[in-house]
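Below: the structure, in structure tokens.
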There are 2 protein chains.
Amino acid sequence: MEHRPDPLHESPTYLLFEMVRLVRRTATRMYPGQLRLPHLLVLSCVAQLGPLSQREVAERLRMDPGDLVGIVDALEEAGHLERRRDPDDRRRYALEATEDGRLFLGRSLDDRTRLNETLFEPLAPGEIRLFKELMLRVLAHHDERFTVPDGPGQPPAPAAGRPAGRGSHASR
Amino acid sequence: MEHRPDPLHESPTYLLFEMVRLVRRTATRMYPGQLRLPHLLVLSCVAQLGPLSQREVAERLRMDPGDLVGIVDALEEAGHLERRRDPDDRRRYALEATEDGRLFLGRSLDDRTRLNETLFEPLAPGEIRLFKELMLRVLAHHDERFTVPDGPGQPPAPAAGRPAGRGSHASR
DNA sequence: TATTGTTATACTCTATAACTATA
DNA sequence: TATAGTTATAGAGTATAACAATA
């Protein structure tokens, strides 16, 4: 039992890989059959930001518009959202969450919260906050969706490189 | 651009999901065609821990033995490892890394290091160490592969000091 | 061990249709 | 109208990863 000197254990991306495996294993054990994060993300996005076209959803979530079709199909069929047409621009859909969808979303987010509590049990609340903040800093550096507008948080002043521009590479 | 109150942005597992997407996008941009982490893990495991049977590798890496078949096939075909028989128990294989495989592994780990440096550029070295340590604490709590040999209770304190000598750029 | 098959996710490429703006 | 450009949606195809059933 001595594989400590494994250089991969020093790699944050390897540890991220293992973290995601752990999340998946735990999720399927706690909520078998449930939990499809992309579906949840789409529903959450639509529920929060009123009527949206599929293209807007795809952009906000950085999802492939093609993949969105099946997800919206499933959510519509389950009665969680409605696909109407935008009366002003009949090319686009106007997606809106149903009351049922909002209830489902609430339950799903509660499940998610319990999952997080189980997984991060060994960390203190402050450590969890710190963990999230570190991830948000990394994400913001590469993906403008995560840049904080400014305001209540804390001015991200990591003295070191602050390229000022948003994501140096907006992938695609 | 103001969807800050999104409850999912508060969910560490959602942020992990986004981190992994970021890793994948960055990796395929920096090293297209390369980088299959499971292959790297298997090769690393075999290179470090001498001759191993496929079952031993599967257990150590918590991988499906069935999935291992194709991975070992590929690594063998590429000349990175050899599949011999264990002379003491001819039912099992004795997997061993070739010299070529060790060189390839070294290069791959170097690529991985550069990938990590690019991704975690916005964090200070101490923050990266802290980030890894938090993940290791969570992993150790759910998966005995990550328990540190000496101190099962409280792994290395998240002390701010600890320049940790060479640890700073061993970010593989 | 190996084989086979299934599921989930992600990404790419191509195609069609519906609309907008302009000539 | 006619034409060109944009947007929405769809579908095929590929790739990785995890997992289950069975030989």
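Order of the sequence lines fixes the chain letters, A, B, ..., with proteins taken first and strands second; residue numbering starts at 1 for each chain. All values below come from the heavy atoms of this structure, side chains included, with hydrogens, waters and symmetry mates left out.
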Under-4.0 Å salt bridge between Arg60(A) and Glu56(A):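 Salt bridge absent between Arg60(A) and Glu56(A).
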Worked verdict on Arg129(B) versus Glu133(B) for salt bridge (charged side-chain N to carboxylate O under 4.0 Å, His left out): CA-CA 6 Å; Arg129(B) 258 195 317 277; Glu133(B) 194 244 313; over 6 Å; no
Over all atoms of both residues, closest heavy-atom pair of Ala74(A) and His39(A):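 Minimum heavy-atom separation between Ala74(A) and His39(A): CB-CE1, 3.9 Å.
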Of Arg92(A) and His39(B), the one whose closest DNA chain D nucleotide lies more 5':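 Final value for this comparison: Arg92(A).
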Position toward the 5' end of DNA chain D (nearest nucleotide), Ala94(A) or Pro38(B):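 Whichever sits nearer the 5' end wins; that is Ala94(A).
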Sugar-phosphate only, base, or nothing, as touched by Arg85(A) at under 4.0 Å among non-hydrogen atoms: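 No contact.
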Between [X] ([atom1]) and [N] ([atom2]), how many Å, whole number?
X        : N       : atom1 : atom2 : value
Phe17(B) : dA17(D) : CZ    : C1'   : 14 Å
Arg36(B) : dA18(D) : CZ    : P     : 15 Å
Arg24(A) : dT16(D) : CZ    : P     : 15 Å
Arg25(B) : dT16(D) : CZ    : C1'   : 16 Å
Asp73(A) : dA10(D) : CG    : C1'   : 10 Å
Leu40(A) : dT9(C)  : CG    : P     : 11 Å

[X] side chain near [N] phosphate (N/O to OP1/OP2, under 4.0 Å):
X        : N       : value
Arg55(B) : dA2(C)  : no
Arg21(B) : dC11(C) : yes
Gln54(A) : dT7(D)  : no

Listed once per pair and sorted, the salt bridge (charged side-chain N to carboxylate O under 4.0 Å, His left out) pairs that draw on residues 23-32 of chain A, sequence neighbours left out: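 Listed by first then second residue: Arg25(A)-Asp143(B).
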Parallel, tilted or perpendicular: ring planes of Phe131(B) versus Phe120(B), cut at 30 and 60 degrees: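 Tilted, since the angle between the ring planes falls between 30° and 60°.
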Geometric cation-pi criterion, Arg112(A) with Tyr14(B): 6.0 Å, 45°: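 Because its charged atom misses either the 6.0 Å distance or the 45° angle limit, Arg112(A) does not stack over Tyr14(B).
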Donor-acceptor side-chain pairing of Glu117(A) and Thr113(A) below 3.5 angstrom: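 Glu117(A) vs Thr113(A): no donor-acceptor pair found between side chains.
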Donor on one side chain, acceptor on other, Arg55(B) and Tyr93(B), under 3.5 Å: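 No, no side-chain donor-acceptor pair sits under 3.5 Å.
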Strand-adjacent residues in residues 61-71 of chain B, judged by heavy atoms under 4.0 Å from DNA chain C: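 By residue number: Gly66(B), Val69(B).
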Under 4.0 Å protein heavy-atom contacts per nucleotide of nucleotides 16-21 of chain C, with B for base, S for backbone only and - for none: --BBS-
Full working for salt bridge (charged side-chain N to carboxylate O under 4.0 Å, His left out) between Arg62(B) and Glu144(B): CA-CA 11 Å; Arg62(B) 292 283 188 283; Glu144(B) 69 271 18; 2.7 Å; yes
